[in-house]
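Single-structure report; data block below.
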Amino acid sequence: MPELPEVETVARQLRPCLVERTVLRFRIHDPRLRNGKTPSVAGKSIVRVTRSGKRVLIEFASANRTAKPLWLAVHLRMTGRLTWAAESARIDRSHLRASFRLDRGSLLFIDTRRFGTFDWYRSRERAAPSGTDPLSDEFTRRKLAELTGGARQNVKAWLLRQDRLVGLGNIYVSEILHAARISPFRIAASLDRAELARLHGWIRRILERAIDNCGTTFSDFQDARGLEGSYQQFLAVYSREGQACPRCAEPILREVQQQRSTFHCVGCQK
DNA sequence: ACCCTCCTGTCA
DNA sequence: TGACAGGAGGGT
């Protein structure tokens, strides 16, 4: 479920809870958790919590700073949640897969479908994704034109590629293409200058607006406080098959592309 | 481009 | 009961 805005929301909320706290104990509650080799993390303190593509990146340092730092990348996939549980908080622990006990509370990883992953790294570079972050300064119109140049895929599939742009998923791609008035079936490399400019602008605007709303809760998403996002009230097309397009009133269509639902409007997406 | 897999839950 | 779900990786 979580795409860039949801992951950014979680990282921002966890930061004040986790930074400068010491890990007292790390436990894996589910032996089937997709976890890399587990280094010893007890006794280390958390120095940074950031977002890297769709992953939450947690940096640990040893208390005396002699040992090498350590990075954990958590990918939430479809139903993963990272929840901060203060000492007194009562939290439903069903589907609890892993937990970090800290000074004054716990970080819980809860994941019904078990698709979520933990990956541990010894350097930040290795934890970094290959694609461009659409919220970074690097993501300019020119960069988008460069990246799409020569891409023979349809633009829906292309936007989902994490090796080009990171962070977009099924919901926001439908929303962005609708806002930019571009059909999801267009070949990425065929977009002209004006279309690329609209696409670039709406990628930024929609992601930022979604972050301002703590993401979208379509069914499962909860942020680090256990609360739902509120961007779903702004969804123009996603999951709105048959309803009137808010721009031109044509009925919204649902079609399957690459085995995934795409929602779009033939009235205004060309 | 298509297919399938991982896994669990919910809804028509 | 079957279709479908914010992801991603594999195969042909």
Side-chain angles (χ1 to χ4, degrees), chain A residues 1-11 28-36 51-56 73-83 92-98 109-119 127 129-131 134 151-178 184-189 203 206-207 209-211 213-224 227-243 253-263:
Chain A
M1 38 121 278
E3 305 180 32
L4 186 152
E6 291 75 34
V7 180
E8 179 68 28
T9 296
V10 170
I28 292 178
H29 301 265
D30 172 21
R32 292 160 71 191
L33 171 68
R34 299 213 269 157
N35 181 33
R51 178 186 57 77
S52 174
K54 289 182 189 173
R55 306 192 299 179
V56 175
V74 179
H75 199 310
L76 305 171
R77 294 293 183 99
M78 296 288 269
T79 55
R81 282 179 200 166
L82 285 169
T83 299
D92 178 7
R93 296 200 164 215
S94 48
H95 308 300
L96 178 65
R97 309 302 181 197
F109 180 63
I110 295 167
D111 184 15
T112 45
R113 291 176 73 179
R114 303 184 215 251
F115 289 164
T117 57
F118 277 27
D119 288 289
S130 55
R152 306 302 312 157
Q153 285 175 296
N154 66 58
V155 64
K156 157 80 187 292
W158 189 85
L159 288 170
L160 289 175
R161 290 183 60 171
Q162 304 298 301
D163 62 335
R164 293 296 186 267
L165 283 186
V166 290
L168 299 181
N170 217 33
I171 292 182
Y172 294 110
V173 165
S174 278
E175 294 299 309
I176 287 163
L177 288 172
H178 177 263
F185 295 96
R186 290 283 302 282
I187 298 300
I203 289 172
I206 286 183
L207 293 177
R209 195 170 180 203
I211 291 169
N213 283 275
C214 294
T216 299
T217 297
F218 175 64
S219 62
D220 297 297
F221 176 66
Q222 289 184 0
D223 65 22
L227 301 180
E228 300 192 337
S230 56
Y231 190 79
Q232 58 276 16
Q233 65 183 301
F234 300 110
L235 296 178
V237 290
Y238 186 82
S239 193
R240 300 176 63 87
E241 182 181 18
Q243 298 183 43
L253 300 184
R254 170 184 175 271
E255 291 187 72
V256 176
Q257 284 181 288
Q258 285 80 38
Q259 284 71 241
R260 314 205 52 201
S261 292
T262 299
F263 296 89

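Computed from heavy atoms alone, side chains included, the values below leave out hydrogens, waters and symmetry copies. Numbered from 1 within each chain, the chains take letters A, B, ... in sequence-line order.
Side-chain rings of A/Phe118 and A/Phe109 approach one another, their centers coming within less than 6.0 Å.
Using a 4.0 Å heavy-atom criterion, one finds that A/Asn154 contacts the sugar-phosphate atoms exclusively. Contact annotation for A/Thr117: no contact, since no heavy-atom pair falls under 4.0 Å across all strands. Among the heavy atoms of the strands, none lies under 4.0 Å from A/Arg55. No contact: A/Tyr172 has no heavy atom under 4.0 Å from any strand.
Looking only at distances, a side-chain donor or acceptor of A/Thr79 sits under 3.5 Å from a matching main-chain atom of A/Arg113. A/Gln162 places a side-chain N or O within donor-acceptor distance of the main-chain N or O of A/Leu168, the cut-off being under 3.5 Å.
A sub-4.0 Å separation between OP1 or OP2 of B/dC6 and a side-chain N or O of A/Arg77 is absent. The side chain of A/Arg152 contributes no N or O atom lying less than 4.0 Å from OP1 or OP2 of B/dA1.
Across C/dA5, B/dC7, C/dG7, the shortest atom-to-atom separation from the side chain of A/His75 is found for C/dG7. For A/Arg114, taking side-chain heavy atoms from C-beta onward, the closest of the listed nucleotides C/dC4, B/dT8, C/dG7 is B/dT8.
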Atom pairs, N/O to N/O, protein against nucleotides 2-5 of chain B, distance under 3.5 Å?
{"residue": "B/dC3", "atom": "OP2", "partner": "A/Gln259", "partner atom": "OE1", "Å": "3.2"}
{"residue": "B/dC3", "atom": "N4", "partner": "A/Gln259", "partner atom": "NE2", "Å": "3.4"}

Set out, line by line, the N/O atom pairs under 3.5 Å between protein and nucleotides 9-12 of chain B.
{"residue": "B/dG9", "atom": "OP1", "partner": "A/His95", "partner atom": "NE2", "Å": "3.3"}

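Only the P atoms considered, B/dC3 is 14 Å distant from C/dA3, to the nearest whole Å.
Shortest non-hydrogen contact noted between A/Ile206 and A/Glu175 is CD1-O, 3.6 Å.
For the side chain to side chain contact (heavy atoms under 4.5 Å, CB included) criterion with A/Val173, the lone passing option out of A/Lys156, A/Gln257, A/His178 is A/Lys156.
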